[in-house]
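Down below is the structure, laid out as structure tokens.
Remember, predicted model here, so these are calculated numbers, not experimental data.
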Protein chains: 2
Amino acid sequence: MRAEVAAIVGDLVLEQGYERTTVDHICAAAGISRSTFFRYFPSKEDALLGGVADSGETLRDALAARPEDELPWVAVRRALQPLIDRYAADDERVRRLTRLMMTTPALLARHQEKNARWYELLRPEVARRLGADVDDRADPGPQALIGAALACVQATLTVWSANPSSGSLSDILDRAMGVVGPVG
Amino acid sequence: MRAEVAAIVGDLVLEQGYERTTVDHICAAAGISRSTFFRYFPSKEDALLGGVADSGETLRDALAARPEDELPWVAVRRALQPLIDRYAADDERVRRLTRLMMTTPALLARHQEKNARWYELLRPEVARRLGADVDDRADPGPQALIGAALACVQATLTVWSANPSSGSLSDILDRAMGVVGPVG
DNA sequence: GTCAAACATGGGACACAGTATCAGAACCGG
DNA sequence: CCGGTTCTGATACTGTGTCCCATGTTTGAC
């Protein structure tokens, strides 16, 4: 049921854009009331993006599983692979929704807000691999490295979703992260 | 007049937080009507952040002025100096407002939305310095590098605004960008 | 000095997201 | 059949932001 409404939201949004799709439209199309909609989803953004599982924990575990002697930047690149694969495995619909997400300010903001949790999640392991004090909040290093990596992911998704023939996500991410640091 | 209202907004927001400060409160404190407020500022966020001049063009010109043989990452670091100095020159009020901006999701989102313009602004020069095709939209490199640098700036501002005794902004930015790439 | 055009302000209605409360319907186990 | 839980819808509310219109108030032309 929840998934059904989410699918309708995706359809409507792909059809007429995000801002022009009001909650009332969605409710009318789904045959439910506003009350019910907001019981299923905390917000309109979540109805659209909530389907994408939050991979924060996955990412953290993948990073912790990388070999100790790998350079931090390389380890992060490798840890991002499962995340990337989840996008790549999907079809044209995902690409169009991703494009919508990257080009709609409200959606991009929400996406980044969701990812803000990843900073705290990844910080300990990144700090450890950088040889920094894990509890030192005055060290910008870990946050900078995580933010840089996420910026590369965002650049990757932007290019991939905008250019149908730009190659595999994995290759684009290699190029993106290769420009910033060694992906060895 | 506009500046006067903006100052009141800053006061109220520093006093009781951003969400709890409604436009009605501001109007009452400033002795104007809602209509007038929204003629001065397009939104509540802009009333608070609009005072910070948009340094996109400054940043672009500073980057273009860097020596040709500098590594791109180093050139960007140097080009960011004027931006950083603008923060550092100011007083405790700026630090508190910055902290508010980094910790309030709505404000951080607006800030990043404003900075989104910088990508297009800086892309040509960064692409050139990377030896890439300036018009190739399928190359994630320039966007990745710019995003990584801005992530370092954000990490810097976060640490600086949260820790009163964390040193100069310039030093923090050096540490942040040094972790990601060579700052020469 | 007068008239008119421009502008600034305020008021009120509206659209939309999101919250809270309450009332009834469907469903369950006993 | 009953009592409770959960699902649902209706209503009203807060807050941001837009739009339109009715006021001044200033400015400039004649």
Side-chain angles (χ1 to χ4, degrees), chain A residues 1-52 54 97 100-101 103-114 116-117, chain B residues 1-52 54 97 100-101 103-114 116-117:
Chain A
M1 182 65 188
R2 196 172 179 277
E4 189 179 333
V5 176
I8 292 178
V9 173
D11 290 344
L12 288 179
V13 164
L14 279 180
E15 203 177 305
Q16 53 187 338
Y18 179 74
E19 275 85 3
R20 271 195 302 275
T21 305
T22 72
V23 174
D24 284 337
H25 294 160
I26 298 167
C27 293
I32 60 175
S33 72
R34 276 172 47 89
S35 312
T36 304
F37 176 84
F38 280 110
R39 178 184 346 284
Y40 285 158
F41 308 99
S43 73
K44 197 171 75 159
E45 282 105 339
D46 277 84
L48 187 61
L49 302 180
V52 183
D54 190 343
L97 282 172
L100 207 70
M101 191 178 71
T103 55
T104 306
L107 289 179
L108 186 56
R110 191 62 151 222
H111 180 242
Q112 289 173 340
E113 190 181 329
K114 283 184 71 174
R117 203 174 56 90
Chain B
M1 182 66 191
R2 196 173 179 275
E4 191 180 331
V5 176
I8 293 177
V9 173
D11 290 342
L12 289 179
V13 163
L14 279 179
E15 204 176 302
Q16 51 188 337
Y18 178 75
E19 275 86 3
R20 271 194 302 275
T21 305
T22 72
V23 174
D24 285 338
H25 295 161
I26 297 168
C27 292
I32 60 176
S33 70
R34 274 173 46 88
S35 310
T36 303
F37 176 85
F38 280 111
R39 181 189 338 290
Y40 285 159
F41 309 99
S43 73
K44 198 172 71 159
E45 283 106 337
D46 278 82
L48 187 63
L49 304 180
V52 183
D54 188 342
L97 282 173
L100 208 70
M101 192 177 71
T103 55
T104 306
L107 290 178
L108 186 56
R110 191 62 151 219
H111 181 242
Q112 289 173 340
E113 191 180 327
K114 282 183 71 175
R117 204 175 57 89

- What do the steps show when you test A:L108 against B:E113 for side chain to side chain contact (heavy atoms under 4.5 Å, CB included), and what is the final call? CA-CA 9 Å; A:L108 186 56; B:E113 191 180 327; over 6 Å; no
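Of all nucleotides in DNA chain D, those with any atom nearer than 4.0 Å to a heavy atom of chain A start and finish, going 5' to 3', at D:dT8 to D:dA10.
Residues meeting the ring pair (Phe, Tyr, Trp, His ring centres under 6.0 Å) test with A:F41, sequence neighbours left out: A:F37. Every residue two or more places apart in sequence or in another chain that forms a side chain to side chain contact (heavy atoms under 4.5 Å, CB included) with A:T103 is listed here: A:R99.
The distance from atom CG of A:D46 to atom NZ of A:K114, rounded to the nearest 0.5 Å, is 6.0 Å. Rounding to the nearest 0.5 Å gives a distance of 9.0 Å between CG of A:L48 and NZ of A:K44. Rounded to the nearest 0.5 Å, atoms CE (B:M1) and OG1 (B:T36) are 7.5 Å apart.
Taking 4.0 angstrom as the limit, B:Y40 places a side-chain polar atom (N or O) nearer than this to OP1 or OP2 of C:dT9.
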- Quick one, give me the B/S/- string for nucleotides 10-23 of chain C, reading 5' to 3', where B means a protein heavy atom under 4.0 Å from the base and S means that only happens at the primed atoms, P, OP1 or OP2. BBB---SSBB----
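Protein atom CE of A:M1 is 14 Å distant from nucleotide atom P of C:dC27, rounded to whole Å.
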Check: residues 19-28 of chain A side-chain donor-acceptor pairs under 3.5 Å, at least two apart:
from	atom 1	to	atom 2	distance (Å)
A:R20	NE	A:Q16	O	3.1
A:R20	NH2	A:Q16	O	3.2
A:T21	OG1	A:G17	O	2.6
A:T22	OG1	A:D24	N	3.4
A:T22	OG1	A:H25	N	3.2
A:T22	OG1	A:H25	ND1	3.4
A:H25	ND1	A:R20	O	3.4
A:H25	ND1	A:T22	N	3.3

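The list of side-chain hydrogen bond (donor to acceptor under 3.5 Å, both in side chains) pairs with a residue in residues 6-15 of chain A, not counting sequence neighbours, reads A:D11-A:R93.
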